[in-house]
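Below you'll find the structure, written out as structure tokens, and then a few comments.
Being a predicted model, the structure only gives us computed values, none of them experimental.
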Amino acid sequence: MKLKPIVKDYIWGGDRLPREFGIGKGRVAEAWMCSFIKGDESSVGGLPVSKAFPRENWGSACRAFKEFPVLIKLIDAHDNLSVQVHPTNEYAACHGLSCGKTEMWYVVDAAKDAYIYLGFKRAVTEKECREAIATGKLTELLRKVPVKKGESYFVPAGTVHAIGKGCLMAEVQQSDDCTFRVFDYNRQGDDGKPRELHIEQALAVLNFSEYASPVFTGCLAACPAFTVQAVEEDEDENPFSYTSLLIVDGEGTLNGERVKKGESFLLAAGEPYELKGNLRAIKTTTMGR
């Protein structure tokens with residue numbers, strides 16, 4: 001089942017997704033390649049994906065989730081994204097959100113000097129963090145990590161982070177798009193006004209500890225909502241979970257049909273598939289709680 005993405009234009013976006021992936025036109029910041037978010041659903045043959053891919057296709061591993069567990073994007077950071085943090089499941093439950101937002105990044109491509117901010121480089125206090133935000137020095141407290149093509153990074157909910165300019169990312173996240181901005185380089189939006197910050201909400205969910213990189217075995221990242229792998233040729237049949245395949249490089253075949261970079265597919269739980277060719281795909285499933 002091939003998905004048509006939702007295209008998002010933000011001030012930091014570039015032209016790589018239209019130019020290299022055939023997605024959208026002009027400036028494109030994000031392409032929501034697999035989205036069940038109401039009002040922003042991917043589509044299949046003109047149908048919203050929630051109609052074309054009903055709950056019985058999700059698999060038993062998704063039984064505990066009220067909504068489809070993941071949102072999958074391509075992100076082109078022509079400029080720096082804001083420094084931000086996402087809510088935890090606990091915060092979401094108390095504030096009317098569908099869920100928290102843990103995510104992971106796979107670096108599809110990166111400029112020579114590209115970097116991310118990921119967590120604090122040492123433990124800080126709320127007071128220290130608040131003062132750094134007020135004086136524009138928050139990034140001095142953060143881990144600045146050089147990145148390169150093929151790497152992956154895990155961003156638990158509550159972790160301060162930012163994608164830097166020159167990064168082209170595949171992002172797999174819990175299926176909510178709530179973001180609390182804490183610093184945005186004093187930029188103005190397309191409307192000429194400073195972009196909104198959400199400092200109090202961010203401070204309510206921030207993990208002030210030093211960031212520790214988790215170690216995953218057999219996958220790029222895993223949490224209750226998603227397990228992510230990078231695959232080249234692949235053959236599988238998962239009886240417990242849907243399978244999402246996002247082609248991030250090259251071309252080949254999926255069950256004998258031609259596929260290429262920039263295309264996204266959903267397969268029902270228990271549906272066998274064979275992916276072949278000179279390509280790389282981000283494979284996402286849900287293994288449950």
(message) Determine whether a donor-acceptor pair (N or O, by modelled atom type, separation under 3.5 Å) exists between the side chain of S82 and the backbone of Q84.
(response) no

(request) Taking T135 for its side chain and E131 for its backbone only, find out whether a donor-acceptor pair lies under 3.5 Å. (result) yes

(message) Please check this pair: side chain of Q173 against backbone of D176, looking for a donor-acceptor N/O pair closer than 3.5 Å.
(response) yes

(request) First locate atom CH2 of W105, then atom CE of M169, and finally report the distance between them rounded to the nearest 0.5 Å. (result) 6.0 Å

(request) Would you mind reporting whether L206 and F120 have side-chain heavy atoms less than 4.5 Å apart? (result) yes

(message) Can you confirm whether P87 sits close enough to C178 that some side-chain heavy atom of one is under 4.5 Å from a side-chain heavy atom of the other?
(response) yes

(request) Find the distance between NZ (K4) and CD1 (I23) and round it off to the nearest 0.5 Å. (result) 12.0 Å

(request) Using side chain to side chain donor-acceptor pair (under 3.5 Å) as the criterion, point out the one residue from N238, T243, D234 that pairs with K283. (result) D234

(message) Under 3.5 Å, is there a donor on one side chain and an acceptor on the other for E56 and W58?
(response) no

(message) Side chains of E67 and K38, heavy atoms from C-beta outward: is any pair under 4.5 Å?
(response) yes

(message) Is the positively charged end of K165 above the ring of W12, judged by distance under 6.0 angstrom from the centroid and angle within 45° of the axis?
(response) no

(message) Main chain of A225, side chain of T286: is a donor-acceptor contact present, judged purely on distance under 3.5 Å?
(response) yes

(request) Please name the pair of heavy atoms, one in R27 and one in G13, separated by the smallest distance, quoted to 0.1 Å. (result) CG-O, 3.5 Å

(message) With a 3.5 Å distance limit and no angle check, can you tell me whether E20 reaches the backbone of L17 through a side-chain donor-acceptor pair?
(response) no

(message) A side-chain contact here means heavy atoms from C-beta on lying under 4.5 Å apart; do K101 and D177 qualify?
(response) yes

(message) Do F208 and T125 have side chains that approach each other closer than 4.5 Å (heavy atoms only, starting at C-beta)?
(response) no

(request) Would you give the length of the straight line joining atom OG of S35 to atom CD of E41, rounded to the nearest 0.5 angstrom? (result) 7.0 Å

(request) Spell out, as yes or no, whether a donor-acceptor pair under 3.5 Å connects the side chain of H78 to the backbone of D15. (result) no

(message) Any heavy-atom pair between the side chains of F180 and L197 that's under 4.5 Å?
(response) no

(message) I want to check something: taking the side chain as every heavy atom from C-beta on, are R143 and S213 in contact at a cut-off of under 4.5 Å?
(response) yes

(message) Could you check whether R280 and Y106, counting side-chain N and O atoms only, form a donor-acceptor pair closer than 3.5 Å?
(response) yes

(message) Can a donor-acceptor pair be found, under 3.5 Å and without considering hydrogens, that links the side chain of R195 to the backbone of D184?
(response) no

(message) Tell me whether L267 shares a hydrophobic cluster with I247, the cluster being built from Ile, Leu, Val, Met, Phe, Trp, Tyr side chains joined at under 4.5 Å.
(response) yes

(message) Is any side-chain heavy atom of L71 closer than 4.5 Å to one of C34?
(response) no

(request) Sequence neighbours left out, what pairs pass ring-ring contact (aromatic ring centres under 6.0 Å, His included) with at least one residue falling in residues 240-284? (result) F68-Y242

(message) Whether the side chain of D76 engages the backbone of R16 through a donor-acceptor N/O pair (distance < 3.5 Å, no angle test) should be reported.
(response) yes

